[in-house]
Amino acid sequence: QVQLVESGGGLVQAGGSLRLSCVDSGRTCSSSVLGWFRQAPGKEREFVAAISWGGGITTYADYVKGRFTVSRDNAKNTVYLQMNSLKPEDTAVYLCASRASPYLSARAPDFGSWGQGTQVTVSS
């Protein structure tokens with residue numbers, strides 16, 4: 001059973017960096033696509049980034065491309081999101097998700113398992 005737990009969120013000034021982690025305590029995600037999404041108050045959940053099971057293929061939303069980097073360590077059942085040059089508009093709850101498929105997707109309905117999320121707040 002997939003059990004995703006995020007960590008690493010916090011309060012940071014604009015221009016700063018944070019590194020989020022997501023551990024699959026169920027140890028089942030090594031063959032799954034893993035993704036990061038975010039949801040701000042009053043807004044719909046939106047795609048941030050996704051990574052293939054082997055880590056060799058990644059995809060990003062345009063609004064984070066060049067600033068965020070997704071990676072994974074299957075030996076540790078962990079996916080990471082390195083966030084640099086943060087902006088106030090990046091403020092949101094960040095959630096990781098698992099998709100039991102080898103194909104990347106940016107659509108939330110394609111991901112079957114979700115973590116509870118970690119809050120990221122960027123001050124101006």
Side-chain angles (χ1 to χ4, degrees):
Q1 182 178 356
V2 177
Q3 295 178 324
L4 303 173
V5 179
E6 303 93 337
S7 63
L11 173 63
V12 64
Q13 288 188 332
S17 299
L18 282 174
R19 188 194 194 203
L20 305 183
S21 300
C22 175
V23 179
D24 170 27
S25 59
R27 303 175 182 270
T28 60
C29 286
S30 62
S31 59
S32 303
V33 166
L34 294 174
W36 286 97
F37 291 77
R38 67 188 186 186
Q39 189 162 18
K43 294 187 177 181
E44 293 188 354
R45 188 169 296 183
E46 63 181 11
F47 172 74
V48 175
I51 187 167
S52 63
W53 74 271
I57 303 174
T58 57
T59 185
Y60 297 90
D62 286 344
Y63 36 81
V64 305
K65 199 171 293 183
R67 300 188 297 124
F68 291 10
T69 302
V70 62
S71 62
R72 67 190 292 170
D73 184 340
N74 287 339
K76 296 181 179 179
N77 297 294
T78 302
V79 61
Y80 305 96
L81 185 67
Q82 178 66 44
M83 305 186 296
N84 299 328
S85 301
L86 283 162
K87 305 175 181 179
E89 52 263 44
D90 294 319
T91 295
V93 173
Y94 282 71
L95 307 102
C96 71
S98 173
R99 182 181 191 217
S101 165
Y103 302 106
L104 292 181
S105 173
R107 297 179 64 249
D110 289 341
F111 289 77
S113 298
W114 293 82
Q116 293 298 308
T118 184
Q119 177 69 46
V120 171
T121 303
V122 184
S123 63
S124 57

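The figures here come from the full heavy-atom set of this structure, side chains too, leaving out hydrogens, waters and symmetry mates.
Contacts of A40 classified as side chain to side chain contact (heavy atoms under 4.5 Å, CB included), with partners at least two apart in sequence or in another chain: K43, A92. Under the salt bridge (charged side-chain N to carboxylate O under 4.0 Å, His left out) criterion, K65 pairs with D62, sequence neighbours left out. Partners of E46 under the salt bridge (charged side-chain N to carboxylate O under 4.0 Å, His left out) rule, at least two apart in sequence or in another chain, are R38. Remark: D110 pairs with R107 by the salt bridge (charged side-chain N to carboxylate O under 4.0 Å, His left out) rule, at least two apart or across chains. Residues satisfying the salt bridge (charged side-chain N to carboxylate O under 4.0 Å, His left out) criterion with R19, sequence neighbours excluded, are absent altogether. Partners of V93 by side chain to side chain contact (heavy atoms under 4.5 Å, CB included), not counting sequence neighbours, listed by chain and number: L95, Q119. Every residue two or more places apart in sequence or in another chain was checked for a side-chain hydrogen bond (donor to acceptor under 3.5 Å, both in side chains) with S123, and none qualifies.
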Quick one, D90 with R67, criterion side-chain contact (heavy atoms from CB on, under 4.5 Å). Give me CA distance, side-chain angles, the key distance, then yes/no. CA-CA 11 Å; D90 294 319; R67 300 188 297 124; 2.7 Å; yes

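Of the N and O atoms on the side chains of D73 and T78, not one donor lies less than 3.5 Å from an acceptor on the other residue. There is no side-chain donor-acceptor pair under 3.5 Å between T69 and Q82.
Hydrophobic clustering (ILVMFWY, side-chain heavy atoms < 4.5 Å, transitive): W36 and V23 are in distinct clusters.
Contact annotation: the side chain of V70 approaches that of V79 to within less than 4.5 Å [non-hydrogen atoms, C-beta and beyond]. With contacts defined as side-chain heavy-atom distances shorter than 4.5 Å, the pair V33/S98 does not qualify. Within the 4.5 Å cutoff, no side-chain heavy atoms of I51 are placed close to those of I57.
Evaluation of the disulfide (SG to SG under 2.5 Å) test over residues 41-124, restricted to residues two or more places apart or in two chains, returns C22-C96. Pairs of residues two or more places apart, or lying in two chains, never qualify as side chain to side chain donor-acceptor pair (under 3.5 Å) while including a residue from residues 5-14. Legend: disulfide (SG to SG under 2.5 Å) pairs involving residues 34-88, not counting sequence neighbours: none detected. Sorted by first and then second residue, the ring-ring contact (aromatic ring centres under 6.0 Å, His included) pairs involving residues 83-115 (not counting sequence neighbours) are F37-F111, F37-W114. For the ring-ring contact (aromatic ring centres under 6.0 Å, His included) condition, no pair includes a residue of residues 62-90, sequence neighbours left out.
Among all heavy-atom pairs drawn from A14 and S124, the shortest one is CB-CA, 4.4 Å. When all heavy atoms are compared, the tightest approach of A49 to L81 is CB-CD1, 4.3 Å. What you find for A100 and S32 is that their closest heavy atoms are CA-OG, 4.2 Å.
Between the CG atom of L18 and the CE atom of M83 there is a distance of 4.5 Å, given to the nearest 0.5 Å. From S52, atom OG reaches atom CG of L34 across 9.5 Å, with rounding to the nearest 0.5 Å. One finds the OG atom of S113 at 9.5 Å from the CD atom of Q3 (value rounded to the nearest 0.5 Å). L4 CG to N77 CG: the interatomic distance, rounded to the nearest 0.5 Å, is 10.5 Å. With values rounded to the nearest 0.5 angstrom, D24 atom CG is found 9.5 Å from R72 atom CZ.
Put simply, the side chain of T118 gets close to the backbone of G9: a donor and an acceptor are under 3.5 Å apart.
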